[in-house]
Asker: 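To start, I am sharing the structure in question, which I have written as structure tokens.
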There are 2 protein chains.
Amino acid sequence: MPSGSAARKPTAEPLVVLEEFLPYRLNVLAGLTSSALAQIYAERYGLSIPAWRVIVTLGQYEFRTARDMAPDGVMHKSTVSRAVSALEKRGLVTRRPNLDDRREEWLALTPEGRAIYEAVAPEALAVGERLLSVLTAQEQKTLSTLIDKLTQQARLLAPQDAEGEET
Amino acid sequence: MPSGSAARKPTAEPLVVLEEFLPYRLNVLAGLTSSALAQIYAERYGLSIPAWRVIVTLGQYEFRTARDMAPDGVMHKSTVSRAVSALEKRGLVTRRPNLDDRREEWLALTPEGRAIYEAVAPEALAVGERLLSVLTAQEQKTLSTLIDKLTQQARLLAPQDAEGEET
DNA sequence: CAAATCTAGTTGCTCGTGCAACGAATCTGG
DNA sequence: CCAGATTCGTTGCACGAGCAACTAGATTTG
């Protein structure tokens with residue numbers, strides 16, 4: 001147990017107790033789940049988090065533009081751009097210019113890309129479910145609601161749209 | 001409205017729906033709250049996330065070693081090391097060798113460091129509370145429980161101890 | 001239809017941070 | 001009491017990602 005030395009005497013007035021601070025706890029949890037997931041898509045398939053998100057989105061929607069990948073400002077557009085380039089270079093994604101608006105391009109999975117998607121997705125899902133397995137069905141529904149409420153509120157408090165992390 | 005093009009037709013069998021995937025949602029939420037907080041301690045006080053954590057911990061415990069800053073593997077030790085160096089250079093933190101074990105050093109806030117702590121902490125707390133303000137007291141308790149359960153479980157699924165993000 | 005404005009996407013730069021290798025101090029076992 | 005293993009902390013390296021500036025194309029306005 002590494003926290004054997006943990007019981008150091010607290011200051012007179014600890015204004016913030018980190019371990020109870022919601023943003024901190026959310027980040028720790030998010031980081032841990034990211035690590036768990038990364039084991040799969042990173043170590044096993046060489047995918048970065050942005051790449052994983054691109055693949056999942058394309059697996060979900062068939063055709064999308066790069067901009068669609070960052071629906072609400074999650075992921076910077078440069079991040080998406082580089083992820084797509086990398087995936088294209090690996091032959092997992094194709095670009096096809098949109099003739100109606102030649103600024104953007106339609107992205108799609110190649111057969112190889114889809115193969116990876118079909119291999120990774122179930123494993124990722126399994127991790128998600130193993131995570132949730134410690135909650136009852138009712139708790140899972142509650143959690144979902146709470147996350148939505150908080151996310152909505154956080155969006156109001158965050159700068160404008162900024163952000164960009166993992167999973 | 002950027003999502004005007006959102007209703008792209010889904011694939012036959014979307015294996016994973018990203019917007020419903022717990023790890024993804026957790027990361028988005030954590031990222032947004034981080035951004036909200038960063039507005040304060042980064043833009044206003046020039047503190048990185050690790051630096052902020054160090055300051056809060058020292059504000060909480062008076063004396064700590066660098067290792068204590070990463071209780072469970074949150075934050076890499078190199079991250080802590082660099083954060084502490086930076087804080088020392090700014091005169092916010094002091095190091096004093098531990099004579100009982102000269103591998104480690106006792107860290108503490110300088111008066112300047114404490115002043116910053118006392119300025120930042122309430123603001124950060126306020127953000128946390130504004131976040132939570134959309135939840136009832138009961139919901140807040142529930143959330144806390146759920147986060148704990150999930151964190152515990154995530155720790156089992158994550159590699160060994162790996163991790164390292166924001167707040 | 002020209003000028004100004006806006007949007008999609010790319011790229012150079014920089015910085016934060018994880019990793020791995022290392023140095024120093026400590027602890028353990030023969 | 002010495003040799004190997006372990007732990008605290010630092011540092012070189014590389015890479016991922018945000019920012020800002022830019023190109024190219026589209027849209028608006030007068």
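So that the names make sense, note that chain A is the first sequence line, chain B the second, and so on, each numbered from 1.
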Asker: Less than 4.5 Å apart, side chain to side chain, heavy atoms only: is that true for Met69(B) and Pro50(B)?
Answerer: no
Asker: To the nearest Å, how far apart are Asn98(A) CG and dA26(D) C1'?
Answerer: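 Value for this atom pair: 12 Å.
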Asker: Which whole-number value in Å describes the distance from Asp100(A) CG to dT7(C) C1'?
Answerer: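 That distance rounds to 16 Å.
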Asker: Please report the distance, rounded to the nearest Å, between CH2 in Trp52(A) and P in dA17(D).
Answerer: 15 Å
Asker: So which nucleotide from dG9(C), dG9(D), dC19(D) ends up closest to the side chain of Thr65(A)?
Answerer: dG9(C)
Asker: For Arg67(B) and dG9(D), what is the distance between atoms CZ and C1' respectively, to the nearest whole Å?
Answerer: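 Atom CZ in Arg67(B) sits about 11 Å away from atom C1' in dG9(D).
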Asker: Using 30° and 60° as the class limits, which term best fits the ring planes of Trp106(A) and Phe63(A): parallel, tilted or perpendicular?
Answerer: perpendicular
Asker: Arg103(B) has a side chain; which of dA20(D), dA26(D), dA24(C) sits nearest to it?
Answerer: dA24(C)
Asker: Taking for each residue the nucleotide of DNA chain C with the nearest heavy atom, is it Ser48(B) or Arg102(B) whose nucleotide lies nearer the 5' end?
Answerer: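 Looking at DNA chain C, the more 5' nearest nucleotide goes with Ser48(B).
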Asker: Do Asp68(A) and Thr65(A) pair up side chain to side chain, a donor and an acceptor below 3.5 Å, judged on atom types alone?
Answerer: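 Note: Asp68(A) and Thr65(A) side chains meet the donor-acceptor criterion.
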Asker: In whole angstrom, give the distance that lies between atom CE of Met69(B) and atom P of dT10(D).
Answerer: 11 Å
Asker: Stepwise, does the side chain to side chain contact (heavy atoms under 4.5 Å, CB included) test hold for Leu47(A) with Ile116(A)?
Answerer: CA-CA 10 Å; Leu47(A) 298 176; Ile116(A) 286 204; 4.2 Å; yes
Asker: How many whole angstroms separate atom CG of Leu87(B) from atom C1' of dT10(D)?
Answerer: 16 Å
Asker: Verify the contact: side-chain N or O of Ser81(A) to OP1 or OP2 of dT10(C), cut-off strictly under 4.0 Å; return yes or no.
Answerer: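 Indeed, a polar side-chain atom of Ser81(A) lies that close.
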Asker: Which of the following nucleotides, dC19(C), dT11(C), dT10(C), is nearest to the side chain of Arg82(A)?
Answerer: dT11(C)
Asker: Lys77(A) has a side chain; which of dG9(D), dT10(C), dT6(D) sits nearest to it?
Answerer: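 From the listed options, dT10(C) comes nearest.
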Asker: When you get a sec, tell me which of dG18(C), dT11(C), dA8(C) is the closest nucleotide to the side chain of Thr79(B)?
Answerer: dG18(C)
Asker: Go through the side-chain N and O atoms of Gln138(A) and Thr136(A) and say whether any donor and acceptor fall under 3.5 Å apart.
Answerer: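 No donor-acceptor contact under 3.5 Å links the two side chains.
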Asker: Reading DNA chain C from 5' onward, which residue's closest nucleotide shows up sooner: Leu99(B) or Arg95(A)?
Answerer: Arg95(A)
Asker: What is the distance, rounded to the nearest whole Å, between atom CD of Glu104(B) and atom P of dT6(D)?
Answerer: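 For the pair Glu104(B) CD and dT6(D) P, the rounded distance is 19 Å.
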Asker: Could you tell me how far apart Met75(B) (CE) and dC19(C) (P) are, to the nearest whole angstrom?
Answerer: 15 Å
